[in-house]
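I have placed the structure first, in the form of structure tokens, so that the comments after it can refer back to it.
The sequence lines fix the lettering, A, B, ..., with proteins before strands; numbering per chain opens at 1. Only this structure's heavy atoms are used, side chains among them; waters, hydrogens and symmetry mates stay out. The structure presented is a predicted model; accordingly, all values stated were derived computationally and were not measured.
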Amino acid sequence: MKTRFAPSPTGYLHIGGARTALFAWLYAKSHNGDCLLRIEDTDKERSDKKYTEEIIKSFDWLGIQFDQEVVYQSNNANRYREVIDSLLNEGLAYVCKGDDLEEDKNSRDLKLPREENMVIRIKMPEEGSTVLNDLIKGEIQVSNDQLDDFIIERSDGSATYNFCVVVDDIDSEITHVIRGDDHVNNTFKQINVFKALNASIPEYGHVPMILGEDGKRLSKRHGALGVGEYAKLGVLPEALRNYLLRLGWSKGDDEIFDGQKMIIDFKKGTFNQSPATFSLEKLLWFNKHYIDQKTIDELNKLINSPQFDNGPFSNRVLEVIRDRCNSIEDFSTQSHYFFTDPEEFDEVLMNKHIKPETFHNLSLLLDKLSRIEEWTSNNIKEAIDNLVKELSIGFAKIGLPLRLALTATVNSPSIDVVCEVLEKDVTIRRLENFLTRIKN
RNA sequence: GCUCGUGUGGUGUAGUUCGGUCCAUCAUGCCGCCCUUUCGAGGCGGCGACCCGGGUUCAAAUCCCGGCACGAGCACCA
């Protein structure tokens with residue numbers, strides 16, 4: 001069996017396309033079949049080679065490997081022409097002016113000669129109905145009087161989409177077409193092209209659309225980010241894959257699917273028939289799940305920043321912040337203060353945590369900290385605890401200003417751990433600087 | 001407008017085939033508490049839904065009819 005994913009290179013690969021591709025690919029893999037990539041680049045105006053490259057790159061990143069060679073529709077022009085010739089000979093298609101459908105229909109049986117500036121329409125059945133037994137949606141019928149004779153060859157001699165697709169699917173021996181349900185109406189036309197060509201019709205499975213958080217269909221110009229942008233945001237490919245899979249497909253209450261398990265389980269699950277709304281929050285939850293599985297080495301590679309050089313210091317930083325990172329980006333944004341002394345302090349935070357007595361309290365703490373000989377989080381915690389006890393104040397009264405002094409933020413790992421990682425000299429230095437700052 | 005499809009909590013879903021075991025599953029999210037220290041981490045608890053209206057039935061999320069809403073298509077785009 002064989003499936004395919006057929007994007008047009010008129011933009012980057014967006015999240016909806018990626019999911020459709022994932023489904024087509026999983027469908028093939030779970031049935032021991034092949035899935036091939038076909039670039040539908042017959043629209044010369046809007047297609048761009050750079051998008052083709054971008055799309056292929058995105059699939060590499062996502063971990064979806066297509067089988068066989070990539071098919072470019074633009075290479076098949078002669079083949080389309082040849083097939084149209086035979087349809088013309090058999091009287092299953094006809095030459096006409098292409099101005100108006102009703103007028104064109106008068107040429108249905110005229111066998112006009114193929115000339116420049118003329119178009120070719122294919123004859124659709126005039127009676128009965130066309131039935132689609134969809135893998136996902138079940139049986140759908142449409143009355144054939146709804147199907148117009150549509151143009152298969154333009155006045156410039158090039159073939160149109162609904163025709164090319166069928167020829168390519170036949171030539172590539174596609175057995176199962178898994179695609180977005182924005183194509184269901186096309187499918188009825190295409191089924192009749194298969195019939196005209198006397199070819200066997202593939203099975204179809206139409207997956208519902210993905211909607212944006214506003215409930216509108218996700219599209220390139222409406223909120224859909226490219227796969228590459230999720231990568232930039234620090235999303236892991238396995239997380240995106242897993243999230244996309246769960247959008248419109250489920251297997252009971254299971255959430256986590258990756259690697260081989262994804263392929264094995266795919267057959268056991270069921271498709272949902274209603275459109276799904278994209279949720280960044282849930283995607284990040286999956287992302288966190290997969291980040292949790294990474295080793296320190298792997299994280300270093302993923303973060304790919306000079307600061308995280310796999311050395312003992314940065315690896316220690318990694319260990320202490322990894323719990324609070326939902327994305328690879330978070331590792332960078334939440335760790336500056338480990339690498340550079342804070343300089344900017346948020347006024348709101350300062351007003352909230354710096355009280356008249358803070359200077360005095362922190363001075364006492366500085367004294368206690370500088371006496372610590374063995375710089376461990378336990379000893380640091382003990383020093384703070386002692387001070388808190390001596391002053392009879394809450395831990396937060398001293399802990400939060402200290403956190404602010406060291407990190408310029410109020411959100412960090414345990415403050416004693418931060419001190420330990422920072423080392424004694426840096427801690428003391430930052431605390432001294434901070435004291436000077438708040439002195440008046 | 002015509003045609004096709006879909007409607008379970010904020011979101012993703014289970015359950016709908018063969019009506020009862022569903023005062024509706026799991027996850028995410030949100031809220032609260034705990035972790036006598038922040039927190040987007042962890043633990044515990046809670047909130048929240050069968051689109052609406054009829055009908056069939058002892059019994060309907062599940063079956064039937066009618067609305068409504070949303071999505072898609074109706075190109076010499078793909």
For [range], pull every pair meeting side-chain hydrogen bond (donor to acceptor under 3.5 Å, both in side chains), keeping only residues two or more places apart or in separate chains.
range	answer
residues 41-50 of chain A	A:Asp41-A:Ser74, A:Asp43-A:Arg46
residues 278-288 of chain A	A:Glu255-A:Lys282, A:Lys288-A:Asp292
residues 342-366 of chain A	none

Sequence neighbours excluded and cut-off under 3.5 Å, please list the side-chain donor-acceptor pairs for residues 395-411 of chain A, or say none.
from: A:Arg403; atom 1: NE; to: A:Ser412; atom 2: OG; distance (Å): 2.8
from: A:Arg403; atom 1: NH2; to: A:Pro413; atom 2: O; distance (Å): 3.0
from: A:Thr407; atom 1: OG1; to: A:Arg403; atom 2: O; distance (Å): 2.7
from: A:Thr407; atom 1: OG1; to: A:Thr409; atom 2: N; distance (Å): 3.1
from: A:Thr407; atom 1: OG1; to: A:Thr409; atom 2: O; distance (Å): 2.9
from: A:Thr409; atom 1: OG1; to: A:Asn411; atom 2: N; distance (Å): 2.9

Qualifying residues under salt bridge (charged side-chain N to carboxylate O under 4.0 Å, His left out), relative to [X], sequence neighbours excluded:
X	answer
A:Arg19	none
A:Glu54	none
A:Lys232	none
A:Asp148	none

- Message: Any donor-acceptor pair, under 3.5 Å, between the side chain of A:Asn186 and the base of B:rA78, if you only look at N and O atoms?
- Response: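 Such a pair is found, so the answer is yes.
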Scan [X] against the nucleic acid and name what it touches under 4.0 Å (heavy atoms): base, sugar-phosphate only, or nothing.
X	result
A:Lys397	nothing
A:Glu255	base
A:Arg322	nothing

Same-atom distance ([atom1]) from [N] to [M], integer angstrom:
N	M	atom1	result
B:rA61	B:rU17	C1'	15 Å
B:rA69	B:rC52	C1'	10 Å
B:rG15	B:rG19	P	16 Å
B:rC44	B:rC35	P	15 Å
B:rC26	B:rG7	P	22 Å
B:rC47	B:rG1	C1'	44 Å
B:rC50	B:rG42	P	31 Å

- Note on the structure: Taking Watson-Crick and G-U wobble contacts under 3.5 angstrom, with | marking pairs to another strand and [ ] crossing pairs, the secondary structure of RNA chain B is written (((((((..(((.......[.....)))((((((.......))))))...(((((..]....))))))))))))....
- Message: Does any part of the side chain of A:Ile174, heavy atoms only, come nearer than 4.5 Å to the side chain of A:Leu36, both counted from C-beta?
- Response: yes
- Query: Are the charged groups of A:Asp149 and A:Lys105 less than 4.0 angstrom apart, N to O?
  - Reply: no
- Base versus backbone protein contacts along nucleotides 29-46 of chain B [heavy-atom cut-off under 4.0 Å; B, S, -]: S-------BBBBS-----
Just compare [options] and give me whichever is closest to any side-chain atom of [X].
X	options	value
A:Asp253	B:rG73, B:rC26, B:rA78	B:rC26
A:Ile151	B:rC4, B:rC26, B:rC76	B:rC76
A:Asp182	B:rG73, B:rC26, B:rG7	B:rG73

- Task: Please list residues of residues 123-150 of chain A whose heavy atoms come under 4.0 Å from any atom in RNA chain B, ordered by number; otherwise none.
- Result: A:Lys137, A:Ile140, A:Gln141, A:Val142, A:Gln146
Quick test: give all pairs of protein nitrogen or oxygen and nucleotides 67-70 of chain B nitrogen or oxygen below 3.5 Å, distance rounded to 0.1 Å.
none

- Any donor-acceptor N or O pair under 3.5 Å, side chains A:Glu298, A:Thr295: yes
Would you say [X] reaches [N]'s phosphate, i.e. side-chain N/O to OP1/OP2 under 4.0 Å?
X	N	result
A:Asn272	B:rU13	yes
A:Ser250	B:rU25	no
A:Thr10	B:rA78	no
A:Thr42	B:rA78	yes

- Rounded to the nearest Å, what distance is computed from the CG atom of residue A:Leu245 to the P atom of nucleotide B:rA27?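 A:Leu245 atom CG is separated from B:rA27 atom P by 18 Å.
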- For A:Lys97 and B:rC76, give me the distance from atom NZ to atom C1', rounded to whole Å. 15 Å
What do you reckon, are the aromatic ring centroids of [X] and [Y] less than 6.0 Å apart?
X	Y	result
A:Phe150	A:Phe163	no
A:Phe271	A:Phe266	yes
A:Phe339	A:Phe308	yes

- Got a donor-acceptor contact below 3.5 angstrom from the A:Asn144 side chain to the A:Glu126 backbone? no
